[in-house]
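Here's the structure, in structure tokens; my notes come after.
Only heavy atoms go into these numbers, but all of them, side chains included; no hydrogens, no water, no symmetry mates. Start at 1 and go down the list; that is how both ligands and their atoms are numbered.
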Amino acid sequence: MRKLILYIAASLDGYIARTDGRIDWLENKTYTIAGEDFGYSDFMKTIDTTLMGHSTYKVVLGLGMSFPYPDKTNYVFSHTEHPATEYVQFVTRNATGFVKQLKQETGKNIWLIGGSQLNTLLLNAGLIDEIILTYIPVVLGKGIPLFAPGASENMMRVTETQNYKNGFVQLNLQPRREV
Ligand SMILES: NC(=O)c1ccc[n+]([C@@H]2O[C@H](COP(=O)([O-])OP(=O)(O)OC[C@H]3O[C@@H](n4cnc5c(N)ncnc54)[C@H](OP(=O)(O)O)[C@@H]3O)[C@@H](O)[C@H]2O)c1
């Protein structure tokens with residue numbers, strides 16, 4: 001079965017965005033390492049589908065660039081109907097059932113982009129198979145957390161770690177389903 005992988009970056013204190021949704025701290029030039037994309041392009045080769053919450057989608061649109069995943073099948077989750085665009089389709093009902101079904105279909109792995117609400121919904125439904133989490137060495141103090149209050153307790157197994165010379169630490173994690 002294809003895997004649902006949450007590939008995401010968080011601050012040291014576990015936030016994925018500022019309270020107002022901005023992710024400028026992720027793109028700080030201080031972190032640039034020439035020729036290094038922290039596994040992003042290799043990861044992109046392994047997926048053909050992305051999942052985003054509506055808030056994350058709006059942040060992506062607000063970045064003012066062309067849609068970044070035009071060659072993928074992209075689903076945006078919202079409680080209200082929206083017309084599909086050239087690049088995205090909206091999922092408005094039975095979100096977890098939809099993802100369960102998607103995982104049964106043939107294809108490459110599925111990237112759970114985020115954000116917090118969608119991460120929590122799919123974690124609590126036991127649908128996340130793997131997390132690739134890059135810790136950025138910054139404390140934000142407040143913001144939108146990786147998982148929202150109400151996330152269920154989940155023990156994780158760390159299957160791989162990678163340190164980068166800019167201080168990024170990347171963890172590959174899998175839920176301990178047997179616990
Ligand atoms: N650091 C990173 O790598 C990273 C990665 C991804 C995202 N982010 C950040 O995360 C932030 C957004 O996180 P968030 O938690 O506020 O929002 P989110 O999870 O991106 O989106 C929340 C929205 O998803 C829809 N939704 C939630 N549950 C649903 C369900 N059961 N069925 C259908 N639709 C559902 C609702 O849309 P409607 O309101 O339309 O109903 C809800 O308002 C953004 O600032 C983004 O930049 C950061």
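- A salt bridge links Glu81 with Arg93; the closest basic N to acidic carboxylate O contact falls under 4.0 Å.
- Selection from His79, Lys58, Gln117 by nearest heavy atom to atom 42 (C) of ligand 1 gives Gln117.
- The nearest heavy-atom contact from the protein to atom 45 (O) of ligand 1 is Gly21 O, 2.8 Å.
- Residue contacts with ligand 1 for Thr92 are absent, since no atom lies close enough (heavy atoms, distance under 4.0 Å).
- Looking at Met156 and Leu171, their side chains never come closer than 4.5 Å, going by heavy atoms from C-beta outward.
- Near His54, meaning under 4.0 Å from one of its heavy atoms, ligand 1 places the atoms 21 (O), 23 (C), 24 (O), 37 (O), 38 (P), 40 (O).
- By heavy-atom distance, the residue among Ile144, Asn119, Leu121 lying nearest atom 16 (O) of ligand 1 is Ile144.
- The closest donor-acceptor contact from the side chain of Asn154 to the backbone of Pro175 lies at 3.5 Å or more, if one exists at all.
- Here the protein heavy atom with the shortest distance to atom 25 (C) of ligand 1 is Phe77 O, 3.1 Å.
- In terms of polar-atom proximity, defined here as any N/O pair under 3.5 Å, Ala10 makes no such contact with ligand 1.
- Between the Arg18 side chain and the Leu140 main chain, no donor and acceptor come within less than 3.5 Å of each other.
- Numbered from 1 in the order shown, with element, the atoms of ligand 1 that lie under 4.0 Å from a heavy atom of Ile23 read 47 (O).
- Residues Glu130 and Asn109 form no side-chain contact, since every pair of their non-hydrogen atoms from C-beta on lies 4.5 Å or further apart.
- Contacts between Ser116 and ligand 1 below 4.0 angstrom, taking non-hydrogen atoms only, involve backbone and side chain alike.
- For Ser55, heavy-atom contacts with ligand 1 shorter than 4.0 Å involve the backbone as well as the side chain.
- Ring orientation note: the planes of Tyr57 and His54 are close to parallel, at an angle under 30° on the 30°/60° scale.
- A 4.5 Å side-chain heavy-atom check between Phe43 and Ile5 finds at least one atom pair inside the cut-off.
- One side chain, Thr50 or Asn74, offers a donor N or O that lies under 3.5 Å from an acceptor on the other.
- Of all atoms in ligand 1, listed by their number and element, those nearer than 4.0 Å to a heavy atom of Leu26 are 1 (N).
- The proximity of Thr56 to ligand 1, defined as any non-hydrogen pair under 4.0 Å, involves the side chain as well as the backbone.
- Nearest non-hydrogen protein atom to atom 18 (P) of ligand 1 is Gly115 N, 3.6 Å.
- By the criterion of a heavy-atom distance under 4.0 Å, the side chain of Val59, and not its backbone, is placed next to ligand 1.
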Intermediate values then yes/no, side chain to side chain contact (heavy atoms under 4.5 Å, CB included), Leu102 and Leu51: CA-CA 11 Å; Leu102 201 58; Leu51 310 184; 3.8 Å; yes

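- Contacts between Thr96 and ligand 1, counted as non-hydrogen atom pairs separated by less than 4.0 Å, are absent for every part of the residue.
- Atom 38 (P) of ligand 1 has Ser78 OG, 3.6 Å as its closest protein atom, hydrogens excluded (heavy atom only).
- Any N or O atom pair closer than 3.5 Å counts here, and Leu118 shares at least one such pair with ligand 1.
- Using a 4.5 Å heavy-atom cutoff, the side chains of Gln170 and Tyr7 are in contact.
- Between atom 5 (C) of ligand 1 and the options Ile16, Leu63, Ile113, Asn94, the minimum heavy-atom separation is to Ile113.
- In this structure, the side chains of Glu36 and Asn166 stay at 4.5 Å or more apart for every pair of heavy atoms.
- For ligand 1 and Ala17, the ligand atoms under 4.0 Å from any heavy atom of the residue are 9 (C), 45 (O).
- For an aromatic pair to be called close, the ring centres must be under 6.0 Å apart, and Trp111 with Tyr69 satisfies this.
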